[in-house]
Number of protein chains: 2
Amino acid sequence: MAEAPAPQGGSSLLFLTDEQLRKGIEAMFFAYRGFTADPDRILEGREMGRAHHRAIHFIHRSPGTTVSNLMALLGVTKQSLNRVLRALIAAGLVEARVGRRDRRERHLHLTEEGARLERELSDAQRERMRAAYRTAGPVAVAGFRQVLEAMMDDESRRQYEALAGRGG
Amino acid sequence: MAEAPAPQGGSSLLFLTDEQLRKGIEAMFFAYRGFTADPDRILEGREMGRAHHRAIHFIHRSPGTTVSNLMALLGVTKQSLNRVLRALIAAGLVEARVGRRDRRERHLHLTEEGARLERELSDAQRERMRAAYRTAGPVAVAGFRQVLEAMMDDESRRQYEALAGRGG
DNA sequence: CTTGGAATGTCAACAAGGCTGACGTATTGT
DNA sequence: ACAATACGTCAGCCTTGTTGACATTCCAAG
């Protein structure tokens with residue numbers, strides 16, 4: 001995508017008013033609630049929470065990723081991550097294999113059961129996303145992604161794009 | 001599975017693939033991080049966190065709102081909210097006025113200093129949003145909002161629209 | 001006028017999930 | 001041989017959420 005629509009001539013900048021920006025901020029707040037609602041519901045009772053979901057998601061996404069990688073991706077300390085991983089491994093959802101090239105590293109993989117839970121979680125989340133996409137239509141979806149990408153920190157955008165390059 | 005929207009003409013449904021949906025999910029995750037980063041930074045050191053920001057935002061947005069209202073808006077228990085409000089009142093940022101019609105109610109207002117902090121917080125957040133909007137352009141912004149609204153729970157959408165009706 | 005229920009405040013106890021600091025252990029690379 | 005890396009773990013702390021219980025104040029309906 002090249003040129004932004006040149007704001008010249010009669011083109012108004014009304015979409016940049018404080019009012020419009022505030023609406024966007026509130027929309028993010030309320031939408032994020034919906035975004036996390038389904039997985040939260042599924043995990044509650046299983047003694048797990050959002051942190052476990054995030055770990056499962058990215059391990060599924062990048063099988064064999066290391067602990068350090070995951071730390072950077074999630075933006076948490078190794079102690080926080082370790083607590084989550086310990087629970088996932090104890091529950092038989094994740095496997096940590098010693099690295100072959102560098103045996104200090106642990107390569108993380110979902111077990112069969114971990115993959116099953118991942119599927120359940122992402123099905124729920126995807127279903128909501130699909131409904132929203134369908135309602136809004138392809139043009140809106142393109143805009144949605146553009147704005148979100150522009151909103152990220154540089155570091156996050158780098159990570160996002162690295163992931164996208166892998167399987168999308 | 002219900003009906004897909006009639007794939008009329010040459011319109012493809014490629015924007016509904018699992019791949020595209022996953023990208024949207026990851027974009028939400030990374031973008032939300034950026035979304036909250038600036039206010040978090042400002043509040044850190046001031047002995048306050050995201051919860052305080054949210055309360056300040058909605059009190060600013062709906063001056064005179066009651067505790068019950070705020071509870072529903074934020075989706076937390078009165079105990080959680082009360083702890084936050086107590087801190088805000090102790091810090092001289094928020095004032096709780098006894099209701100005139102119904103004296104059980106507390107009507108919440110920002111003090112001068114509360115308004116100053118609110119300004120600082122929302123300036124930072126708005127600035128990021130403005131940059132993102134400007135980068136993406138008006139058409140993308142419209143799509144962004146459409147998708148977010150479609151992603152909300154019914155209850156959240158109701159609240160979002162009630163707010164929008166008030167000042168926007 | 002009494003009384004039930006609503007709106008609020010508060011205490012206690014607890015959990016999830018962040019954080020820092022410190023220390024230990026393999027393992028790798030110089 | 002030694003420093004640095006990757007990881008695990010213990011201990012302690014913070015924020016922000018939860019439930020349960022109880023007190024107060026006050027409106028509204030019987």
Side-chain angles (χ1 to χ4, degrees), chain A residues 29 32-33 36-37 39-59 64-91 94-109, chain B residues 29 32-33 36-37 39-59 64-91 94-109:
Chain A
F29 172 71
Y32 199 77
R33 204 188 265 175
T36 56
D40 282 0
R41 219 176 343 260
I42 291 173
L43 287 169
E44 123 185 338
R46 222 182 260 248
E47 305 196 358
M48 303 205 185
R50 211 170 287 182
H52 304 79
H53 178 202
R54 293 196 283 252
I56 288 174
H57 174 95
F58 286 113
I59 293 173
T65 190
T66 66
V67 175
S68 299
N69 263 334
L70 205 48
M71 268 172 56
L73 218 49
L74 297 175
V76 299
T77 60
K78 68 171 175 177
Q79 293 91 330
S80 282
L81 178 54
N82 188 258
R83 179 170 30 191
V84 169
L85 286 179
R86 220 183 312 167
L88 290 174
I89 291 170
V94 165
E95 194 184 351
R97 303 183 193 153
V98 172
R100 289 191 315 146
R101 282 213 330 249
D102 186 336
R103 295 173 48 188
R104 289 171 302 182
E105 294 180 340
R106 298 301 137 89
H107 297 274
L108 304 169
H109 298 266
Chain B
F29 172 72
Y32 199 77
R33 206 189 265 174
T36 56
D40 281 1
R41 219 175 345 259
I42 292 174
L43 287 170
E44 124 185 338
R46 220 181 262 248
E47 306 195 359
M48 301 203 186
R50 211 172 286 182
H52 303 80
H53 178 202
R54 293 198 282 254
I56 288 174
H57 175 94
F58 285 112
I59 293 173
T65 190
T66 65
V67 175
S68 298
N69 262 335
L70 206 49
M71 268 172 57
L73 218 49
L74 298 175
V76 299
T77 60
K78 67 173 174 175
Q79 293 90 332
S80 279
L81 178 54
N82 188 256
R83 179 171 30 193
V84 170
L85 286 179
R86 222 183 310 168
L88 291 174
I89 291 170
V94 165
E95 194 183 352
R97 303 183 193 151
V98 172
R100 289 192 314 147
R101 281 215 329 250
D102 185 334
R103 296 172 51 186
R104 289 170 303 180
E105 295 179 342
R106 299 301 137 91
H107 297 273
L108 304 169
H109 298 265

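We name chains A, B, ... by the order of the sequence lines, and we start the count at 1 in each one.
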Side-chain heavy atoms of [X] within contact of [Y], under 4.5 Å:
| X | Y | result |
| --- | --- | --- |
| B:Phe58 | B:Thr65 | no |
| B:Arg54 | A:Phe29 | yes |
| B:Met48 | B:Leu88 | yes |
| B:Arg50 | B:Leu43 | no |

Quick one: [X] [atom1] to [N] [atom2], roughly how many Å, whole number?
| X | N | atom1 | atom2 | answer |
| --- | --- | --- | --- | --- |
| A:Leu81 | C:dT20 | CG | C1' | 16 Å |
| A:Ile89 | D:dC7 | CD1 | C1' | 11 Å |
| A:Arg86 | C:dG18 | CZ | P | 14 Å |
| A:Leu43 | C:dA15 | CG | C1' | 15 Å |
| A:Met71 | D:dC7 | CE | P | 8 Å |
| B:Asn82 | D:dA23 | CG | P | 17 Å |
| A:Leu85 | D:dT9 | CG | P | 10 Å |
| A:His53 | C:dG17 | NE2 | C1' | 16 Å |

Roughly how far, to the nearest 0.5 Å, is NZ of B:Lys78 from CG of B:Leu85?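 Here the rounded value is 13.0 Å.
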Using the side chain to side chain donor-acceptor pair (under 3.5 Å) criterion, which residues pair with A:Arg104? Sequence neighbours excluded.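 Side chain to side chain donor-acceptor pair (under 3.5 Å) list for A:Arg104, sorted by chain: A:Asp102.
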Mark up nucleotides 24-30 of chain D, 5' to 3', with B wherever a protein heavy atom is under 4.0 angstrom from a base atom, S wherever such an atom reaches only the sugar-phosphate, and - elsewhere. -BBS---
For nucleotides 13-19 of chain D, just jot down a letter per nucleotide in 5' to 3' order: B, S or -, based on protein non-hydrogen atoms under 4.0 Å. ---BBBB
Just to verify, what does B:Arg100 make a salt bridge (charged side-chain N to carboxylate O under 4.0 Å, His left out) with, not counting sequence neighbours?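 Once residues adjacent in sequence are excluded, B:Arg100 has no partner under the salt bridge (charged side-chain N to carboxylate O under 4.0 Å, His left out) criterion.
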Run the salt bridge (charged side-chain N to carboxylate O under 4.0 Å, His left out) test against B:Arg97 and tell me which residues pass, sequence neighbours left out.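 By the salt bridge (charged side-chain N to carboxylate O under 4.0 Å, His left out) rule, B:Arg97 matches B:Glu95.
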Partner residues of B:Tyr32 under the ring-ring contact (aromatic ring centres under 6.0 Å, His included) criterion, sequence neighbours left out: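 ring-ring contact (aromatic ring centres under 6.0 Å, His included) list for B:Tyr32, sorted by chain: A:Tyr32, B:Phe35.
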